[in-house]
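Basis for what follows: all heavy atoms, side chains included, without hydrogens, waters or symmetry-related copies. Letters A, B, ... mirror the listed sequences (proteins, then strands); counts begin at 1.
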Amino acid sequence: MSAADDAGAAVTVRGPARWQGARLSWGWLGTVPFFAFAILFLIAPTAYLVVGAFQDATGAFTLDNLAGLFSPDIVAAYRISIEVSVASAGLGAVIGFFLAYAIVHGGLPGWIRPTIVTFSGVASNFAGIPLAFAFLATLGRLGLVTLFLRDTFGINIYRMGFNVVSFWGLTVTYMYFQIPLMVLIIVPALDGLKREWREAALILGATKRQYWTNVALPVLLPSLLGCFLLLFANAFGAVATAYALTGSSLNIVPILLYAQIRGDVLYNPNLGYALAFGMILITGCSNLLYIVLRMRAERWQR
Amino acid sequence: MKGSRLGPTIVILVAAAYFLLPLMATFEFSLSMIRGVWSFEAYRVVFADPEFRHTFTFSVVAAVAAILLGALLVVPTAYWVRLRFPRLRSVVEFITLLPLVIPPIVLVFGYIRMYNSSSLVPLTATAGGTNVLLVLGYVTLSLPYMYRAVDTGMGAIDIRTLTEAGESLGASRGRILATVILPNVRAAVLSGAFLTFAIVIGEFVLASLLNRPAFGPYLALIGTNRAYEPSALAMIAFAVTWACMVLMQSLGARPAHKARQRR
């Protein structure tokens, strides 16, 4: 077979015929590095944890680890994680949608759209520890906004129960990368919302409200839900921002897993695997749903 | 039409306040290290810190290594799959999107278990091996962005005709890839590269759990020990991210335009 391939490598004009012949030969070797890399550094490490989640210390099959996830501490961690992710994804999706709608269909000056899209590219990647520093300087106890509100309006947000190291503090911080991400992924869908549909609806006597409820929202709904799920998974897996912002005072799953990897705080390595498995399960499901919704949404974007 | 602009304007103004206030606050805080005057003292302290220079250099080297390795992995694969195995494209694309599904902390947890000192491939047993593992982890994290950029770039050129032209001139596969295909997707590779750089430079989870002296863990350490330096570092990180994105967009836009003119 390799002889046939060598013959084909010589100069020939019958390209397509040679490709057909070569398909049976060693052409697949070209994809080996990629698949080897993917298996070694993506799939196998994940599979190792998933398998470990179903094993006890001796390697025998067990469901105890998964049952262990239902201890009050871990359930509480998953709950706070899901709450922060839902809140930041929900608010991020809604606000991002309005922002995207304003730049696409708002009739604003032409320079606004590219400026906001570029800034969104920057802000959606400005996550992690520097973002936490920025919000500590803004809404921390001595933050600019905190002091401004206290000195100018006499509003002490900390006395009102706000704390940047809390559920709402984390949510407001996460929205700094969630809103721009929403803008970046929803703008193409809004571009697909054709002006003609609106005009047709108005000519047929529809009110603005009817246009939204009967035309625009049904078309956009799969995109909106899909984006929400993507933002949810994005927030759910984030560690660095929360770690730098709250230390370990807010008990969310990624922080718990971080502590577990560092020092086996659960005193059971296999329970740690189960914790990771639970994370994969949640982000995996939301991404799967996202893909399904995206395929539905793309029908309207041609 | 004019009245309907009020809503969008308010939305933009509120959003601008939300996004610019933290930057202003951070900048103001970074300038107030010396009581009573505004100065760049915090920046001077940061730049004078040898740890800053070491960790920043470490992360830059790791990022460049990850970019080179990622390009070496992604460009031939995207080319080969498009040319010879179009049916595999959706499989490869799905795999490259997996790092967005599997949280980085889970990924590095798997690395630590699979490549620990008592395993078959004890990468974490030595500092050099751990550095390799860190770079490979960064390649994995950047896979979704790198592959998408390069694959889109390949879609914009006719690789089949270019390959046939190269072959009829007697060029080998490797030569076609290096001298015909790569220059044509250079802009795509660079745009993936800048995005990778922006992600890797301040990355915390992998570097921290693999115990490498990278910029991310340094940031975390400074954040717990100092008052004004974190703000200066946050401004530096923002500037780096901003530069990467601007370079990415300007490179992404220009060569496509040029190529069209040349044709």
- Which bit of A:Tyr273 comes within less than 4.5 Å of chain B, counting heavy atoms only: side chain, backbone, both or neither? both
- Note on the structure: So, the part of B:Leu133 with a heavy atom under 4.5 Å from chain A: the answer is side chain
- Okay, A:Phe41 and chain B: the region with an atom under 4.5 Å from a heavy atom over there is both
- For the pair B:Asn225 (side chain) and B:Ile222 (backbone), establish whether a donor and an acceptor sit closer than 3.5 Å, ignoring hydrogens and angles. no
- Aromatic rings A:Tyr243 and A:Tyr258: how do their planes relate, parallel, tilted or perpendicular, breaks at 30° and 60°? tilted
- Between B:Ser59 and B:Val200, does a side chain to side chain contact (heavy atoms under 4.5 Å, CB included) hold up when you go through it step by step? CA-CA 7 Å; B:Ser59 284; B:Val200 168; 5.7 Å; no
- Message: Using heavy-atom distances under 4.5 Å, tell me whether B:Val92 contacts chain A through its side chain, its backbone, both, or neither.
- Response: both
- Sort A:Phe119 into side chain, backbone, both or neither according to what part of it lies under 4.5 angstrom from a heavy atom of chain B. side chain
- What do you reckon, is CZ of B:Arg82 surrounded by more than 12 foreign heavy atoms closer than 6.0 Å? yes
- Message: With a 4.5 angstrom heavy-atom cut-off, is it the side chain or the backbone of B:Pro76 that approaches chain A, or both, or neither?
- Response: neither
- With only heavy atoms counted, which part of B:Ala220 is less than 4.5 Å from chain A, the side chain, the backbone, both or neither? both
- Task: Please flag which part of B:Val101 lies under 4.5 Å from any non-hydrogen atom of chain A: side chain, backbone, both or neither.
- Result: both
- Note on the structure: Heaviest contributor of heavy-atom pairs below 4.5 Å to chain B, chosen from A:Asn125, A:Leu42, A:Val239, A:Thr31, is A:Leu42
- Query: chain B: which of A:Leu144, A:Val172, A:Ile261 shares the most heavy-atom pairs with it under 4.5 Å?
  - Reply: A:Ile261
- With side chain to side chain contact (heavy atoms under 4.5 Å, CB included) as the test, would you mind laying out the steps for A:Leu29 and A:Val32 before giving the verdict? CA-CA 5 Å; A:Leu29 271 176; A:Val32 166; 4.1 Å; yes
- Query: Tell me, side chain or backbone of A:Leu288 under 4.5 Å from chain B's heavy atoms, or both, or neither?
  - Reply: neither
- So A:Phe177 and A:Tyr174, would you call those rings parallel, tilted or perpendicular, with 30° and 60° as cut-offs? tilted
- Message: Let's go through A:Asn234 and A:Gln178 carefully: what are the C-alpha distance in whole Å and the side-chain angles of both, what is the deciding distance for side-chain hydrogen bond (donor to acceptor under 3.5 Å, both in side chains) to 0.1 Å, and is it a yes or a no?
- Response: CA-CA 8 Å; A:Asn234 192 32; A:Gln178 297 279 55; 3.3 Å; yes
- Task: May I ask you to name which of A:Ala244, A:Pro254, A:Ala238, A:Ala137 has the most heavy-atom pairs under 4.5 Å with chain B?
- Result: A:Ala137
- Message: Please classify the contact of A:Ile129 with chain B as side chain, backbone, both or neither, using a heavy-atom distance under 4.5 Å.
- Response: side chain
- Message: Quick check on B:Ile199 against chain A: is it the side chain, the backbone, both or neither that has a heavy atom closer than 4.5 Å?
- Response: side chain
- Part of A:Ala134 lying under 4.5 Å from any heavy atom of chain B: both
- Hey, what do you get for OG (B:Ser191) to CD (B:Gln249), rounding to the nearest 0.5 Å? 10.0 Å
- Message: Ring-plane angle category for B:Phe56 and B:Phe52, please: parallel below 30°, perpendicular beyond 60°, tilted otherwise.
- Response: parallel
- Is chain A contacted by the side chain of B:Ser208, its backbone, both, or neither, given a heavy-atom distance below 4.5 Å? both
- Task: Would you indicate whether A:Arg262, at its atom CZ, is surrounded by more than 12 heavy atoms from other residues, nucleotides or ligands within a distance under 6.0 Å?
- Result: yes
- Tell me, for B:Trp80 versus chain A, whether the close heavy atoms (under 4.5 Å) come from the side chain, the backbone, both or neither. side chain
- Item | B:Glu93 vs B:Tyr147, side-chain hydrogen bond (donor to acceptor under 3.5 Å, both in side chains): CA-CA, chis, key distance, verdict | CA-CA 8 Å; B:Glu93 198 179 347; B:Tyr147 184 82; over 6 Å; no
- Message: Is B:Ile95 in contact with chain A via its backbone, its side chain, both, or neither, using a 4.5 Å heavy-atom distance?
- Response: both
- A:Tyr176 and B:Tyr18 aromatic ring geometry - parallel, tilted or perpendicular at 30°/60° bounds: tilted
- Query: In terms of heavy-atom proximity below 4.5 Å to chain A, should B:Phe238 be classed as side chain, backbone, both, or neither?
  - Reply: both
- Message: As an exercise: rank A:Gly272, A:Ala132, A:Ala123 by heavy-atom pairs under 4.5 Å with chain B and give me the winner.
- Response: A:Gly272
- Query: Which bit of B:Ile236 comes within less than 4.5 Å of chain A, counting heavy atoms only: side chain, backbone, both or neither?
  - Reply: neither
- Note on the structure: Of A:Phe98, A:Phe37, A:Phe135, the largest count of non-hydrogen pairs under 4.5 angstrom with chain B goes to A:Phe37
- When only pairs under 4.5 Å are counted, which of A:Leu49, A:Thr283, A:Asn287, A:Thr46 shares the most heavy-atom pairs with chain B? A:Leu49
- Query: Can you tell me if A:Tyr48 and B:Ser119 form a side-chain donor-acceptor pair at under 3.5 Å?
  - Reply: no
- Message: Quick check: do A:Leu99 and A:Ile116 have side-chain heavy atoms less than 4.5 Å from each other?
- Response: yes
- Toward chain B, the part of A:Ala233 with a non-hydrogen atom under 4.5 Å: neither
